[in-house]
Amino acid sequence: MVNFASATDEQLREPTIEQSNTPADDKDAPLKEDIRLLGRLLGDVLREQEGEEVFAVVETIRQTAVRFRREADAGAAKELDGMLKILTREQTITVVRAFSYFSHLANIAEDQHHIRRRRAHLLAGSKAQRGSIGYALAKLKDAGVDKETVDGFFHDALISPVLTAHPTEVQRKSILDAEHDIARLLAERDLPLTPRERAANLHMLRVRIATLWQTRMLRYTKLTVADEIENALSYYRITFLREVPGLYDDIEEDIAAQYGHEKPSQIPAPYLQMGSWIGGDRDGNPNVNAGTMQHALARHATTIIDFYLDEAHALGADLSVSTLMVGCSPALQALADASPDQSDHRADEPYRRALIGIYARLASTARALGAANILRKEVGHAEPYADAAAFSADLQVLIDSLDANHGGMLARPRLTTLKRAADVFGFHLASLDMRQSSDVHERVLAELFARAGGEPDYAGLDEEAKVKLLLAELAQPRLLYSPYIDYTPETQSELSIFRAAREIRQRYGARAIRNYIISHTETVSDLLEVLVLQQETGLLRQDADGNATADLMVIPLFETIPDLQRAAGIMAEVMALPLVQQLIERQGRIQEVMLGYSDSNKDGGFLTSNWELYKAEIALIDVFGKAGVKLRLFHGRGGTVGRGGGPSYEAILAQPKGTVNGQIRLTEQGEIIASKFSNAEIGRRNLELLVAATLEASLLPPPAEAAQKEQLAGFEGVMAEISNLAYKAYRNLVYETPGFTDYFFAATPIAEIAELNLGSRPASRKSTKRIEDLRAIPWGFSWGQCRLLLPGWFGFGSAIGQWIDGGDRAERIAQLRDMHAHWPFFATLLSNMDMVLAKTDLAIASRYAELVADEELRERIFRRICEEYRHTLECLETITGTSERLVGNPLLARSITNRFAYLDPLNHLQVELIKRHRALSAQPDKADPRVHRGIHLSINGVAAGLRNTG
């Protein structure tokens, strides 16, 4: 068992992987050694910084918490409770920090071990491991898919992870930077180091952990949208800027190797692109406006052009090729002659001169796009690039010249990687999505119609009348808006945002903003309203022949259970409109639809949410197929399983056949961004998994046998029955049980989460304590903090039990087992639920239940939750045939076992701090910011320990 005990330098000189005296078949031995090392170093820092007394308190709490977990000892619980109550506020914060930092350090060790194991597979020659591009290509080739089909896939595909900021994000960039350095030092210890180098490495690890300890983990001020933008941009510098272009190269080499080609053929289309909501997502966030959109793109442009400038400067040093030794192309010579560099010393070095000219043009471009500080001044003035394509064309000139003059090898890797980055990232870095709620659009249009002397009560019209009015307006060349009329601040703000989008597209390129997402899409008029607002601001235009073009694709977001059920009907109706058909034609006969996992889960529970999403996708495939339009689905997934989380690879492969087709976007949210992309190698692997899964799901031939189709129909029939039962069970608890809302607000830290500086977006859409108004993200996050994770499993046990009892038990159990064995959708659903159940802890949850003052309410609801949990475990075990959690993922199972002894104290401390905070809140004059700070610290630590609760 790892502890915080101090260790001498000799004890910390652990053996290398090759020298380890642990059993040879213990693949996790290096992980255990890393965790022990980091735990001991943290213990040393704790002793040095805080003293022996505090160190002893931490160790005593740790040991008591371990006993509480191992033995479910009531005496240990009472002892721990008493211990925590007598801690001073300063001691409490120190103890919370100690266990929080251990969670973070354990994550670093686990990430390093994942990298270590993957490299071991690659060194052993296992390039085609599951989830890799090589594995996917091998499967496709075996299935008879030829290279031309694969090339066609990459030419037409769009695969886009979209980074979003939400109230579960608790990391500061300073902490991320420090942890990145610790990860680098830990990875260094796998190398063959001399004794002096190993000692220096150990010293630097101590230094970095001490720095981490002395760095403020929390924000004392409310997180702004600008802060969220900077946090997201840090992942580009760590991972995306280099790993995305590198992955393109790897994929081309894998295709060449799999299909027997000596030289990889370059795929010109940028099929893997980054997206962002940060700065453009206005739904429920009053802090997002036209200014934040403009700021986001300026920061995007600065980040990517800084990267281009650094790479161009480095290339100037690398490409010292002289025309006295080898020739160059006329085009390259022309670039060199146009350079502001006229030094005689470089007269025979056209590549360097050309790159100096490219650098100067990039510097001018940066200034034109809003970058104020160019750290390395250019040699002389040059005109800015008109667009990123012109920059890419200049780089291609260099590549072609090298290829034609025996220098092709000199283009790899830096020059070709820079060219690829230019094609993928442009000058905009990532496409910024716009999002707003449909009710806001309705209010704005109602005012515009009324003030223009038209319809006085647009909001009061029925749906048919709204559609008729909107279509009539879209056929008119004149505008509703007048600069001579005063409008409400909301209308002025919304129109200014559309105008800003138009300016941003003109300045940074069409890919900078190209999508407009409508939250709470419930009717056809919700989509037409956004088209009218585009027309009002010059984003939708008609030519002399009446042909319309819209700059922004209007994307409906279907979120609740009823919305998902209506999705296909709405899309069929809207795509039948002649105007919309024109717009879709201009979009390349493709239309995107976004599906919301979070609100559908909060609305109908885990099982029903997944089933209704599945059904909606099947119905949409049918509707789009009849319309002859390609469907692109945008999956609004969160980190927690209750919000569509879980492994992306399995989730994509479990999609209904025909829903992927090379087109997929999905959100990456909260602390999941840090988990996936704060390490470059792990980030590269996650991107590869995303591409590999999309490739397999798109091109693998579907089963053709009629028997299999009949079997699937039977599976879906069973799922429909089970979903109906699960929906009733979930709704009965959450929305129909008297006092449940009071229980939730008392037994979880939802109120404290809403108060703290966890994001720029409010936790609730309205100032109420209704669950209906609460945003789905803090809803799920709160259940994770108290270790119940209820949105990821509740209702399953009741539904399965009732369904089995409703017929021949043996026959129905066999049917469920058959579904688990042969239906990827059902298998993935159970696998994700298995992970959630492994992280659920009723003993810890019982401590949070004690926060409910009403004893009768507490006992009634917590007992019901416990009964459903046990019933869910029994049903899962009946279907899978195993009573152990995570049998298929032993590494995660061991990770959970190892870390929970150190996570538990954070939960116990959080409960104690919440008790103190709520007691003090009743007396405003006695409010203590240190208690507030302690709760925030504990939230950070628990989120880090669970990793996917946001």
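We use all heavy atoms of the structure for the numbers below, so side chains are in, but hydrogens, waters and symmetry mates are not.
Side-chain atoms of Tyr359 and His313 include no donor-acceptor pair closer than 3.5 Å. Between the side chains of Thr491 and Glu447, a donor-acceptor pair is found at a separation under 3.5 Å. In the model, Ser431 has no side-chain atom that pairs as donor or acceptor with a side-chain atom of Arg511 under 3.5 Å. Asp394 and Tyr385 share a side-chain donor-acceptor pair at under 3.5 Å. Judged purely by distance below 3.5 Å, without hydrogens or angles, the side chains of Ser174 and Asp177 never pair a donor atom with an acceptor atom. Under 3.5 Å, the side chains of Thr523 and Lys466 contain no donor-acceptor pair of N or O atoms. His520 and Ser438 share no side-chain donor-acceptor pair at under 3.5 Å.
Between Leu557 and Gly596 the shortest heavy-atom distance is CD1-N, 3.6 Å. In plain terms, the two heavy atoms of Gly380 and Ala360 that are nearest each other are O-CB, 3.4 Å. Residues Ile238 and Ser678 approach most closely at CG2-O, 3.5 Å, considering heavy atoms. A pairwise comparison of heavy atoms in Asn289 and Gly291 identifies OD1-N, 2.9 Å as the closest pair. Shown here for Met434 and Ile513, the closest heavy-atom pair between the two residues is SD-CG2, 3.8 Å. Contact detail for His300 and Ser276: the closest heavy-atom pair is CE1-CB, 4.3 Å.
Within the cation-pi definition used here (under 6.0 Å to the ring centroid, within 45° of the axis), Arg499 qualifies as a partner of Tyr481.
No donor-acceptor distance shorter than 3.5 angstrom exists from the side chain of Ser392 to the backbone of Ala388, with no hydrogens or angles considered. Although no hydrogens or angles enter the test, the distance criterion places no donor-acceptor pair under 3.5 Å between the side chain of Thr239 and the main chain of Gly683.
Put simply, the side chain of Ser525 reaches to within 4.5 Å of the side chain of Tyr458, judged on heavy atoms. Contact check for Ile358 versus Leu398: side-chain heavy atoms found under the 4.5 Å cut-off. The closest side-chain heavy-atom distance from Val288 to Asp281 is not below 4.5 Å. Side-chain contact check for Leu540 versus Leu533: every heavy-atom pair is 4.5 Å or farther apart. Put simply, the side chain of Ile664 does not reach to within 4.5 Å of the side chain of Leu158, judged on heavy atoms. Side chains of Phe449 and Leu470 form a contact here, defined as non-hydrogen atoms less than 4.5 Å apart. Contact annotation: the side chain of Asn287 never approaches that of Thr292 to less than 4.5 Å [non-hydrogen atoms, C-beta and beyond]. Under the 4.5 Å side-chain criterion, counting only non-hydrogen atoms from C-beta, Thr537 is not in contact with Ile497.
Separating the CG atom in Leu687 from the OH atom in Tyr248 is a distance of 10.5 Å, to the nearest 0.5 Å. To the nearest 0.5 Å, atoms CG (Leu315) and CG (Asp310) are separated by 11.0 Å. Rounding to the nearest 0.5 Å gives a distance of 12.5 Å between CD of Gln581 and CD of Gln591. Atom CG of residue Leu474 and atom CD of residue Gln542 lie 7.5 Å apart, to the nearest 0.5 angstrom.
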- Walk me through it: do Arg665 and Asp433 pass the test salt bridge (charged side-chain N to carboxylate O under 4.0 Å, His left out)? CA-CA 12 Å; Arg665 296 208 301 149; Asp433 286 357; 2.9 Å; yes

- Query: Between Leu233 and Leu429, is a side chain to side chain contact (heavy atoms under 4.5 Å, CB included) present by the stated rule, with each step listed?
  - Reply: CA-CA 10 Å; Leu233 290 177; Leu429 184 68; 3.5 Å; yes

- Query: Is there a side chain to side chain contact (heavy atoms under 4.5 Å, CB included) between Thr521 and Asp563 once you walk through the steps?
  - Reply: CA-CA 7 Å; Thr521 300; Asp563 291 348; over 6 Å; no

- Give the C-alpha distance, both sets of side-chain angles, the deciding distance and a yes or no for side chain to side chain contact (heavy atoms under 4.5 Å, CB included) between His381 and Ser364. CA-CA 8 Å; His381 175 73; Ser364 293; 4.1 Å; yes

- Stepwise, does the side chain to side chain contact (heavy atoms under 4.5 Å, CB included) test hold for Ile304 with Phe240? CA-CA 11 Å; Ile304 189 59; Phe240 299 123; over 6 Å; no

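Looking at residues two or more places apart in sequence or on another chain, you find a side chain to side chain contact (heavy atoms under 4.5 Å, CB included) between Arg589 and Glu585, Val629. Partners of Pro245 by side chain to side chain contact (heavy atoms under 4.5 Å, CB included), not counting sequence neighbours, listed by chain and number: Thr417, Arg420, Ala421, Phe425.
Taking the centre of each ring, Tyr235 and Phe677 stay at or above the 6.0 Å mark. Taking the ring centroids of Tyr508 and Phe427, they lie at or beyond the 6.0 Å cut-off.
The existence of a salt bridge linking Arg443 and Glu490 is confirmed by a sub-4.0 Å separation between a basic side-chain nitrogen and an acidic carboxylate oxygen. With respect to the salt-bridge test (charged N to carboxylate O, under 4.0 angstrom), the residues Asp306 and Arg237 do not qualify. Salt bridge present: Glu378 and Arg367 bring a charged side-chain N and a carboxylate O closer than 4.0 Å. Electrostatic pairing of Arg541 and Asp551 counts as a salt bridge here, judged by a charged N lying under 4.0 Å from a carboxylate O.
Environment of NE2 in His295: crowded, with over 12 heavy atoms of neighbouring residues, nucleotides or ligands closer than 6.0 Å. For CG of Asp543, the number of neighbouring non-hydrogen atoms (other residues, nucleotides, ligands) closer than 6.0 Å is greater than 12.
Ring pair His441/Tyr516 is tilted by interplanar angle, where 30° to 60° counts as tilted.
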